[in-house]
Every structure is written in structure tokens, then in C-alpha cells.
Amino acid sequence: MPVSADIKGQLQISKHFLKTSIRFSILDCQSPPRVSERVNHRQSVRLGRTVKLPCPVEGDPPPLIMWTKDGRNIHSGWTRFRVLQHALRIKEVETDDAGTYICKATNGFGSVNINYTIIVIDDSSSRNGAGTATSDSEHTPELAGKLVRPRFTQPAKMRKRVIARPVGSSVRLKCTASGNPRPDIVWLKDNRPLMDEEGGTGGEGKKKRWTLSLKNLTPEHSGKYTCHVSNRAGEINATYKVEVIQRTNSKPILTGTHPVNTTVDYGGTTSFQCKVRSDVKPVIQWLKRVEPGDENKFNSTIEVGDHRFVVLPTGEVWSRPDGSYLNKLLITRAKEEDAGMYICLGANTMGYSFRSAYLTVLPDRKPQPNTIPTATSSSLPWPVIIGIPAGVAFILGTALLWFCQSKPCPTVPPQPANGDKDCLSYEDYIAHQQLLLSQGGTGLAPKVYPKIYTDIHTHTHSHVDGKVHQHQHIHYQC
């Protein structure tokens, strides 16, 4: 039908335009990297400070960022340099860090570069620049000003004075200082001036005025290094002790006395520590011996000798200045099941070493919570608990007995004398009740109760003349 064909053609045209628009929309979303913010391409930073170079780029897909300095790629081996997500950070800036830095951002649709020029400012040299430019004589205007004796400008970075490094590694010794006039620095090793070419056999040494770098260390580099800083106003010194550790390619050695036997209160916190010396970073692992009968409490155990052990979670391994490695096992909220033998195991590719220690957990000194009835009974002594109910029962019984005894007997009309004027006999009571019923009067006379016998006993009396007399006592009450 013509209408159906027309509608079908319109639908095909619509689909075509829809696909085309979707394709162009996707292409519109994808774009080459572009700079999203303005940056300052010229950066000035003082010697020893930290500088951060931003790289504000965006694109779809997100671009890959690379940094270069004077044409060389910056990688993880540059220890003072760190490439962040959108920036480059440089710590402890040195004079050699001055130069041209480029941030290059690339994706599948293009690339963009952001260039920086870093200028490193030395405070001491800038302070004395005017004087040195006018004259080289001793009587320059700069020298005519106030003299300032040298001082170290970064003492926090000089606290570590004893440095241990393995053979083949490197070390940097800092003595950044300032003063007026600009101070001079001289490096000495074991009290002898250190020449530029001196660095030990097979080693490499380089002086950058305030920093001495020793690379590819050998045992000959071991010694005391002193920086002597002086000007006309005075002088200062700082000494570093460098120890180069010879690699022995042996299994780890547990140094010191740790771990040691430890005692902890129930619920307290304690720790074991393990110090391992190794040429390379070792693997330090803590194990706990599984007591007999407790094997089913753990998912997996390992067998060492005649005992089974469970592997415990291990924290970070810290590197110490003396070339050793330290690890700690922390035990919190100690319980009885935490007591037992612990083993510190240090291993590398050459073998392993271990040492054991025992943990003792003291009993819980807090009293166990009791149930409510027990707590109530423990608050009162048992004689009181028994005596109170008995006393109450005795008082109630006495009162009831007194009430019964003090109750008067009911009066009745006069009866024939039968020796008992106070109460009626049972037979008289029945006859009296039948009389009242026959007369139809229920309230004509007071109600009379029969006597109730409570005790009958016989007494026997012996007289002086030998006669024996017996009689009975019959006790009853109304």
C-alpha cells in the first residue's frame, strides 16, 4: 500500500539520521588533550625548598602524562622527584634542578605540552650579589654592612648523622648554610680535605657546594665526613659518619636479644619485635605454635619439626640506618588463647633464621558477673534469710492464738443443771437446733456452738495410806 511504503521510507530515513547524529555525538565527546587552566611558565624556588609544577590538562579519553627535564624523562629513580596525577613535585631543590621542564599529555586524538623554566635562588648568594658586583676589594659596601656568622639553614635535614649503606648504594650529605659575607664550605674526610676526584676505589664522589654525593659506595668510603663552613664573621662544622656494609650473600641473621619472653595483663596490649640483618630486604614472618587439641580452630597450619604453627598477619618491615630491618608484632586485648610460643622468621634467597619467645597472659582479675538471685542471696547472711520468715510466722501464729483464746463463748438460755454451765454438750446442741428449726425461728436465739474436745488424759495419784486414785481430765473449748 502507498501509505505503508511511505511510512516505511520515513522510518528508514529517521534511523539513518539517528545513527549519524549518535556517531557525531560520540565524536564530539572525544577530543585531544587541552590545557584547562592558565599556568605560570616561569617558576622561582629557593634552595632546599619544595616546588610543585601543575599540569592542568583534560581530554577524552583522559590523556597520559609524561614529564621531562632538559630532554630527559623523569622516572621513579629520581628520588626527590614525584610524578603526581596532574603535577610534578620536587623536594629539597638543588642548584642542578634549575632548567626546562615539560609536561606532555597525550591520548589517541592528539597531545599538548606545558613548558616550565625553574630558577633556583640561593639566599646567601643573592644577599651578597650587590657587593660582589661593585668591587672585589675588602672595603666593598657589602662588607661595610653587618657581618653575619654562618648558620645551617636546614638543620632538620641534618639530624641523621650516622648513615649505614650497603656496597653499591649511594648517599647524600647536606650542609646548606648562609651568612654575610657568603660563607665558603670545605669538605673533609677523616680530617683531611676531600678532593673532587677522591671518592674511593671504584666509587664516584661529587660536591654540589652544599651537598656531597657519594655514589657506587665501596668499603673505602666508610669514615667521618665533615663540612667546614666559614666567613669573616665565624665558622661552623657538621660531621657525618658513613658506614659501608659489605654484602656477604648469606642468610639473614637475627641480631640483638629480641624477641624476648613477655608477660601481659588480661585485656592488655603488648608487642614482640624482631631485628634482622640481611644484605637484601628480607621477608619477616611471625608464627604461633598451635597447642595440642587446637588444630581444628585454624583453617591452615604449617608443620615445623614436631609442632604445628599458624602464620600470623605481619606488618610493615622498616629499614634501619645500620642496615638492619625491624618488624613488630602487636597483640591487643590479650586473652588466654594468645598465650604460647611465638617465632620470628627472617628469610631471603640464601636461607632463613628464626628465634622464639613466649607470651604469658595473666588471669583476669575482674569478678565474673553473677545472676540476680545469687547477687541477692550474697548480699544477706543465710541466718537472716532463714530467721526473717520464721519470725514473721511466729508472730502471726501468736497473734492468731491470742485472738482465739480471747474470744468469749456465746450465751444460751438457761439449761438444766448438768455440771457444765458454760457450754452445751453436743447432744444438747443438736436438740436445741432441732427445736429452733421446728419453731421456724432462725434469729430468736443466739447461735450456739458445740463443745470441741481437744485433750483427754488420766492422772493416777498414790496416797500415803496405800490407796490409789485415778481420775481423767477432759479439756475442751468452745
- Heavy-atom pair of closest approach, residues I121 and S44: CD1-CB, 3.9 Å

- Item | Side-chain heavy atoms of W67 within contact of I102, under 4.5 Å | no

- Please name the pair of heavy atoms, one in A105 and one in P33, separated by the smallest distance, quoted to 0.1 Å. O-CG, 3.7 Å

- Nearest 0.5 Å, what's the OG-CG distance between S170 and L217? 6.5 Å

- Does the side chain of V311 come within less than 4.5 Å of W286's, by heavy atoms? no

- When rounded to the nearest 0.5 angstrom, what distance separates OG1 in T117 from CG in L53? 10.0 Å

Under 3.5 Å, side-chain donor or acceptor atoms of residues 254-265 against the rest of the protein: list the pairs with distances, not counting sequence neighbours.
from: H258; atom 1: NE2; to: Q273; atom 2: NE2; distance (Å): 3.2
from: N261; atom 1: OD1; to: Y358; atom 2: N; distance (Å): 2.9
from: T262; atom 1: OG1; to: V260; atom 2: O; distance (Å): 3.0

- Query: So, does D70 use its side chain to make a donor-acceptor pair with the main chain of T100 at under 3.5 Å?
  - Reply: yes

- Item | CA sep, side-chain torsions, deciding dist, call: F152, C227, side-chain contact (heavy atoms from CB on, under 4.5 Å) | CA-CA 11 Å; F152 293 118; C227 63; 4.1 Å; yes

- Carefully, step by step, assess V229 and N237 under the rule side-chain contact (heavy atoms from CB on, under 4.5 Å). CA-CA 6 Å; V229 182; N237 299 309; over 6 Å; no

- Message: Are S356 and Y342 packed together at the side-chain level, in the sense that at least one heavy-atom pair is separated by less than 4.5 angstrom?
- Response: no

- Task: Go through the side-chain N and O atoms of T226 and T239 and say whether any donor and acceptor fall under 3.5 Å apart.
- Result: yes

- Task: Test T50 against R89 for side-chain contact (heavy atoms from CB on, under 4.5 Å), laying out the working first.
- Result: CA-CA 7 Å; T50 297; R89 185 172 63 194; 3.8 Å; yes

- Work out which heavy atom in Q154 is nearest to a heavy atom in M158; give both atom names and the distance. O-CG, 3.5 Å

- For the student: nearest non-hydrogen atoms of F109 and S31, plus distance: CB-C, 3.9 Å

- Query: Hey, does the side chain of Y240 reach the backbone of K174 with a donor-acceptor pair shorter than 3.5 angstrom?
  - Reply: yes

- Message: With a 3.5 Å distance limit and no angle check, can you tell me whether S222 reaches the backbone of V244 through a side-chain donor-acceptor pair?
- Response: yes

- Does N73 use its side chain to pair, donor to acceptor, with the backbone of M66 at less than 3.5 Å? no

- Message: In the structure I gave you, are the side-chain heavy atoms of R161 and K241 within less than 4.5 Å of one another anywhere?
- Response: no

- Query: Does any non-hydrogen side-chain atom of C344 lie less than 4.5 Å from one of I284?
  - Reply: yes

- Return yes if some donor-acceptor pair links the side-chain N/O of K146 with the main-chain N/O of N180 below 3.5 Å, else return no. no

- Within-4.5 Å side-chain heavy-atom neighbours: L345 and Y352: yes

- Note on the structure: Only residue of K91, R80, K69 satisfying salt bridge (charged side-chain N to carboxylate O under 4.0 Å, His left out) with D97 is R80

- Query: Between atom CD of E58 and atom CG of N107, what is the distance when rounded to the nearest 0.5 Å?
  - Reply: 11.5 Å

- Message: Looking at K288, I'd like to know if its NZ atom is crowded, meaning that more than 12 non-hydrogen atoms belonging to other residues, nucleotides or ligands lie closer than 6.0 Å.
- Response: yes

- Ignoring hydrogens and geometry, is there a side-chain-to-backbone donor-acceptor pair from N231 to G234 under 3.5 Å? yes

- Between CD of E37 and NE2 of H86, what distance do you get to the nearest 0.5 Å? 10.0 Å

- Taking everything shown except E336 itself, do over 12 heavy atoms lie less than 6.0 Å from its CD? no

- Are the side chain of H41 and the backbone of N115 linked by a donor-acceptor contact shorter than 3.5 Å? yes

- Does the side chain of T314 come under 3.5 Å of the side chain of Q285 through a donor N or O and an acceptor N or O? yes

- Message: Given 3.5 Å as the limit, does a donor-acceptor pair link the side chain of Y116 with the main chain of P54, or not?
- Response: yes

- Query: Checking D364 side chain against Y266 main chain: does a donor-acceptor pair fall under 3.5 Å?
  - Reply: no

- Message: Distance check, rounded to the nearest 0.5 Å: S271 atom OG versus I331 atom CD1?
- Response: 8.0 Å

- d(R277 CZ, I245 CD1) to nearest 0.5 Å is 5.5 Å

- Got P181 and L147 here, is their nearest side-chain heavy-atom distance under 4.5 Å? yes

- Item | Shortest non-hydrogen contact from K52 toward A87 | CE-CB, 3.7 Å

- Item | Side chain proximity check, V57 to V112, heavy atoms < 4.5 angstrom | yes

- side-chain contact (heavy atoms from CB on, under 4.5 Å) between L47 and T176: does it pass, once the steps are laid out? CA-CA 9 Å; L47 186 68; T176 308; 4.3 Å; yes

- Query: For residues S278 and N348, is any side-chain donor paired with an opposing acceptor at under 3.5 Å?
  - Reply: yes

- Task: Report yes or no: is the cationic atom of R289 (NZ for Lys, CZ for Arg) closer than 6.0 Å to the six-membered ring centre of F309, at no more than 45° off its axis?
- Result: no

- Nearest heavy-atom neighbours spanning I114 and P56: CD1-CD, 3.8 Å

- Item | Whether R355 side chain and I343 backbone form a donor-acceptor pair below 3.5 Å | no

- With a cut-off of 6.0 Å (strictly less than), are more than 12 heavy atoms of other residues, nucleotides or ligands near CZ of R82? no

